[in-house]
Trainee: 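This is the structure, below, for whatever I ask next.
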Amino acid sequence: MQQSTGAATSSAPDSGIGATDLVSRCGGDGGGGGGNSCSGGSSDPAVINTTISSKQTDAMEPQEEQVAIHYLASFHELCVVTALLPLVTLFTCFVTAYVFQYDDVHETHCRVYNIIPSISAITGVSPQRYFWRFSIALHIGPRIPIAFVYKNYYRSQLRRISPAQVPQTSLLITLILVLNCIEIASLGGVTYISNRENYPVHERIFITFMVCSLCYMLATIKLNGILNAGQALSERQLLSIKWKKILFAVSILSTVGLLVFFAKHRFYCHDLAFSWFAFFEYLIAIANMLFHFTIIWDFPSQFMMIVQGPRENLAQYLSNRPKVD
C-alpha cells in the first residue's frame with residue numbers, strides 16, 4: 001500500500017496531474033503509512049483551494065474603466081450661436097411688430113407722436129412675445145456655463161502677475177462672475193415680466209440689468225488691463241480688447257442719452273422723446289450683445305466635451321492631450 005501511494009505521489013509532477021486529482025488520490029488512500037506521503041505543504045487541500053479561489057477572484061475582477069468621450073462640440077460655435085440668437089430675434093420682432101402691429105407698439109401714456117417703438121413694446125405683443133421668450137430661454141442656458149468658463153480662463157492667467165496682485169485680482173474675477181450671473185438673471189426677469197403685466201417690477205429689474213451690465217463691462221476691461229500688462233498679445237487678443245472698450249463707451253453714452261430722453265418723456269411728454277429713448281435702448285442692447293460676442297476672439301478654437309471615466313484617469317488623459325492655442 002505504501003509503495004502504490006508513493007508511485008502516485010512521485011509521478012504526479014511528471015505526468016501533469018492536476019491538484020484536484022492529487023487531493024482525491026491522497027484522500028482515497030485513507031490511513032496508514034500512505035497518508036503521510038501527501039502531508040507536504042503544497043499538497044494541503046486548504047492551501048490548494050485557497051489558491052484556486054484566489055485565481056478565480058483575480059479573473060473576476062473588472063478591468064480598469066477607460067476614458068470615453070460621449071460628446072464633443074466646438075465651444076466657439078456654441079458661443080457664436082448664443083451671442084447672435086437674441087440679436088437676430090430682436091431684429092425679427094422689430095420688423096414684424098413695426099409692419100403688422102404699428103398702433104399697438106407705439107402706444108404710450110403720453111399719447112404723443114413716436115416713430116420708434118421700445119424693446120419692451122415689440123417683445124410685449126403677441127406672437128413676438130413668445131418668440132422672444134423662447135429665444136432668451138435658449139440664450140440664457142449656455143450663458144451660465146460660459147460665465148464659469150471665463151472665471152477659470154482668467155484664473156489660469158494669474159501666474160502672469162506678481163504675487164502681491166493675486167488676491168485683489170482674484171476678488172475682481174469673482175466680482176465679474178457675480179455681475180455676469182446677476183445680468184443673466186435680470187435679462188430673464190425683464191423678458192418674462194413684461195411692462196404690460198407689472199411695470200414697477202419690470203422697471204426695477206431693467207435698472208438692475210443696466211447697472212450690472214455696465215459694471216461687468218468696466219470690470220472686464222480693468223481685469224484685462226491687469227492680466228495683459230507687459231504681455232505680447234496676439235492680433236485677436238488686441239481686437240477683443242479694442243472692441244470691448246469701444247462697446248463700453250457706446251453703452252455709457254447711450255445710457256446718458258436714455259436717461260435724458262426718459263425724463264423728457266416721463267415728466268414732460270415731449271414729441272419723439274420716447275422714440276429717442278427707444279433708439280438709445282436699442283444701442284445699449286446691441287452694444288451689450290456685441291460685447292459678449294467678443295468671446296469669439298477669447299476662445300477661437302476650444303471644444304466642449306462630455307467625458308466618462310475615473311477622475312484620476314480623466315486628469316491624466318487631459319494632461320496628455322495636445323493644447324490648441
Side-chain angles (χ1 to χ4, degrees), residues 83-126 128-129 131-133 135-136 139 182-183 186-218 221 243-294:
L84 288 181
L85 187 61
L87 184 61
V88 174
T89 306
L90 184 65
F91 177 78
T92 304
C93 290
F94 178 85
V95 173
T96 55
Y98 200 89
V99 173
F100 300 107
Q101 295 159 296
Y102 185 87
D103 294 333
D104 293 336
V105 298
H106 284 89
E107 182 181 356
T108 64
H109 74 281
C110 288
R111 307 288 181 178
V112 295
Y113 178 69
N114 291 299
I115 58 174
I116 302 178
S118 66
I119 294 178
S120 299
I122 64 173
T123 59
V125 294
S126 181
Q128 289 84 351
R129 171 171 60 246
F131 186 36
W132 176 250
R133 290 179 177 179
S135 172
I136 293 301
H139 171 76
I182 295 176
E183 179 190 337
S186 301
L187 176 61
V190 296
T191 299
Y192 293 99
I193 304 176
S194 67
N195 60 343
R196 295 172 182 262
E197 297 170 350
N198 195 329
Y199 180 79
V201 174
H202 178 87
E203 183 181 41
R204 287 173 175 81
I205 297 177
F206 178 74
I207 294 173
T208 303
F209 172 81
M210 290 286 300
V211 172
C212 290
S213 175
L214 293 174
C215 292
Y216 168 78
M217 292 181 181
L218 179 61
I221 294 172
W243 276 105
K244 281 182 171 68
K245 293 179 179 179
I246 292 175
L247 294 168
F248 174 68
V250 171
S251 297
I252 289 292
L253 295 177
S254 299
T255 300
V256 174
L258 181 139
L259 294 175
V260 170
F261 286 101
F262 177 78
K264 289 186 177 182
H265 166 73
R266 186 71 175 269
F267 302 111
Y268 303 105
C269 288
H270 288 178
D271 287 343
L272 296 177
F274 190 76
S275 294
W276 281 106
F277 165 83
F279 172 76
F280 286 114
E281 185 183 30
Y282 284 109
L283 283 182
I284 292 171
I286 294 173
N288 177 272
M289 296 175 193
L290 294 180
F291 188 93
H292 291 290
F293 191 69
T294 58

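Computed from a prediction, not measured in an experiment: that's the story for all the values here. Counting from 1, the numbers follow the sequence of the chain as shown.
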Trainee: Considering residues, nucleotides and ligands other than Arg129, do more than 12 of their heavy atoms fall under 6.0 Å from its CZ?
Mentor: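 Result for CZ/Arg129: enclosed.
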
Trainee: Got a donor-acceptor contact below 3.5 angstrom from the Thr208 side chain to the Arg204 backbone?
Mentor: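 The answer is yes, because a donor-acceptor pair under 3.5 Å joins these two groups.
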
Trainee: State, to 0.1 Å, how close Asn114 and His106 come at their nearest heavy-atom pair, and which atoms those are.
Mentor: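 Heavy atoms only, the tightest pair is O-CD2, 3.3 Å.
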
Trainee: State, yes or no, whether a side-chain contact exists between Thr191 and Arg133 at a heavy-atom distance under 4.5 Å.
Mentor: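 They are in side-chain contact.
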
Trainee: Rounded to the nearest 0.5 Å, what separation is found between the CD1 atom of Ile284 and the CD1 atom of Ile119?
Mentor: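 That separation rounds to 8.5 Å.
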
Trainee: Okay, side chain of Ser135, backbone of Phe131: is any donor-acceptor separation there less than 3.5 Å?
Mentor: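 Flag not set: sc Ser135 to bb Phe131 has no pair under 3.5 Å.
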
Trainee: Could you give all pairs that pass the salt bridge (charged side-chain N to carboxylate O under 4.0 Å, His left out) test and reach residues 273-286, with sequence neighbours left out?
Mentor: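 Output for this query is empty, none listed.
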
Trainee: Would you check if the distance from the ring center of Phe274 to the ring center of His265 is below 6.0 Å?
Mentor: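 Ring centroids of Phe274 and His265 are less than 6.0 Å from each other.
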
Trainee: Holding to ring pair (Phe, Tyr, Trp, His ring centres under 6.0 Å), I want the full list of residues that pass it with His292, two or more places apart in sequence or in another chain.
Mentor: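 With sequence neighbours excluded, His292 shows a ring pair (Phe, Tyr, Trp, His ring centres under 6.0 Å) to Tyr216, given in chain and number order.
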
Trainee: Which atoms form the tightest heavy-atom contact between Phe280 and Gly257, and what is the distance?
Mentor: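 Scanning both residues, the minimum pair turns out to be CD1-C, 3.6 Å.
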
Trainee: Counting N and O atoms only, with roles assigned by atom type, does the side chain of Ser275 sit under 3.5 Å from a partner on the main chain of Ile115, one being a donor and the other an acceptor?
Mentor: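 It does hold such a pair.
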
Trainee: To the nearest 0.5 Å, tell me how far Met217 CE sits from Leu247 CG.
Mentor: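 Taking CE in Met217 and CG in Leu247, the distance rounds to 7.0 Å.
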
Trainee: When rounded to the nearest 0.5 angstrom, what distance separates OH in Tyr199 from CD1 in Ile193?
Mentor: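 The OH atom of Tyr199 sits 14.5 Å away from the CD1 atom of Ile193.
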
Trainee: Mind checking whether Asn288 and Phe209 have side chains closer than 4.5 Å, heavy atoms only?
Mentor: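 Side-chain contact under 4.5 Å: yes.
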
Trainee: Angle between ring planes, His202 versus Phe206, binned at 30° and 60°: parallel, tilted or perpendicular?
Mentor: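 Ring orientation, 0 to 90° scale: parallel.
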
Trainee: How would you list all residue pairs meeting salt bridge (charged side-chain N to carboxylate O under 4.0 Å, His left out) that involve residues 263-273, not counting sequence neighbours?
Mentor: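 Qualifying pairs: Glu203-Arg266.
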
Trainee: Working to the nearest 0.5 angstrom, can you tell me the gap between Phe277 CZ and Phe261 CZ?
Mentor: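 One gets 12.0 Å once the value is rounded to the nearest 0.5 Å.
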
Trainee: Among all residues two or more places apart in sequence or in another chain, which pass the ring pair (Phe, Tyr, Trp, His ring centres under 6.0 Å) test with Phe94?
Mentor: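 With sequence neighbours excluded, Phe94 shows a ring pair (Phe, Tyr, Trp, His ring centres under 6.0 Å) to Tyr98, Tyr282, given in chain and number order.
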
Trainee: Contact between Trp132 and Leu90 at the side-chain level, heavy atoms closer than 4.5 Å - yes or no?
Mentor: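 Trp132 reaches Leu90 side chain to side chain.
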
Trainee: Which pairs with one or both residues in residues 87-98 pass salt bridge (charged side-chain N to carboxylate O under 4.0 Å, His left out), sequence neighbours excluded?
Mentor: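 Found none.
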
Trainee: Which atom names give the shortest non-hydrogen contact between Ala278 and Pro117, and what distance separates them?
Mentor: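 Scanning both residues completely, I find the closest heavy atoms to be CB-O, 3.5 Å.
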
Trainee: Run the numbers on Ile122 and Gln128 for side-chain contact (heavy atoms from CB on, under 4.5 Å), then give the verdict.
Mentor: CA-CA 7 Å; Ile122 64 173; Gln128 289 84 351; 6.0 Å; no

Trainee: For Tyr268, is the OH atom crowded, meaning more than 12 foreign heavy atoms sit under 6.0 Å from it?
Mentor: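 For Tyr268, atom OH is not crowded (no more than 12 foreign heavy atoms under 6.0 Å).
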
Trainee: In Å, rounded to the nearest 0.5 Å, how long is the span from OG of Ser213 to CD1 of Ile182?
Mentor: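 Result: 12.0 Å between the selected atoms.
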
Trainee: Quick one: which of Leu87, Thr89, Val95 gives a side chain to side chain contact (heavy atoms under 4.5 Å, CB included) with Phe91?
Mentor: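 It is Val95, the one option of Leu87, Thr89, Val95 that forms the side chain to side chain contact (heavy atoms under 4.5 Å, CB included) with Phe91.
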
Trainee: Using side-chain heavy atoms (C-beta onward) and a distance below 4.5 Å, is Leu290 in contact with Trp243?
Mentor: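 A side-chain contact is absent here, since even the closest heavy-atom pair is not under 4.5 Å.
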
Trainee: Do Ser194 and Thr123 make a side-chain contact, defined as non-hydrogen atoms from C-beta onward lying under 4.5 Å apart?
Mentor: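 Not in contact.
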
Trainee: Please identify each residue that fulfils salt bridge (Lys or Arg N to Asp or Glu O under 4.0 Å) with Arg196, with sequence neighbours left out.
Mentor: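 In terms of salt bridge (Lys or Arg N to Asp or Glu O under 4.0 Å), with neighbours along the sequence ignored, Arg196 is linked to no residue.
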
Trainee: With rounding to the nearest 0.5 angstrom, report the CD1 to OG distance, Ile205 to Ser186.
Mentor: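 Atom-to-atom, Ile205:CD1 and Ser186:OG are 7.0 Å apart.
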
Trainee: Has Thr294 got a side-chain atom pairing as donor or acceptor with Phe291's backbone, closer than 3.5 angstrom?
Mentor: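 Here the side-chain-to-backbone pair exists.
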
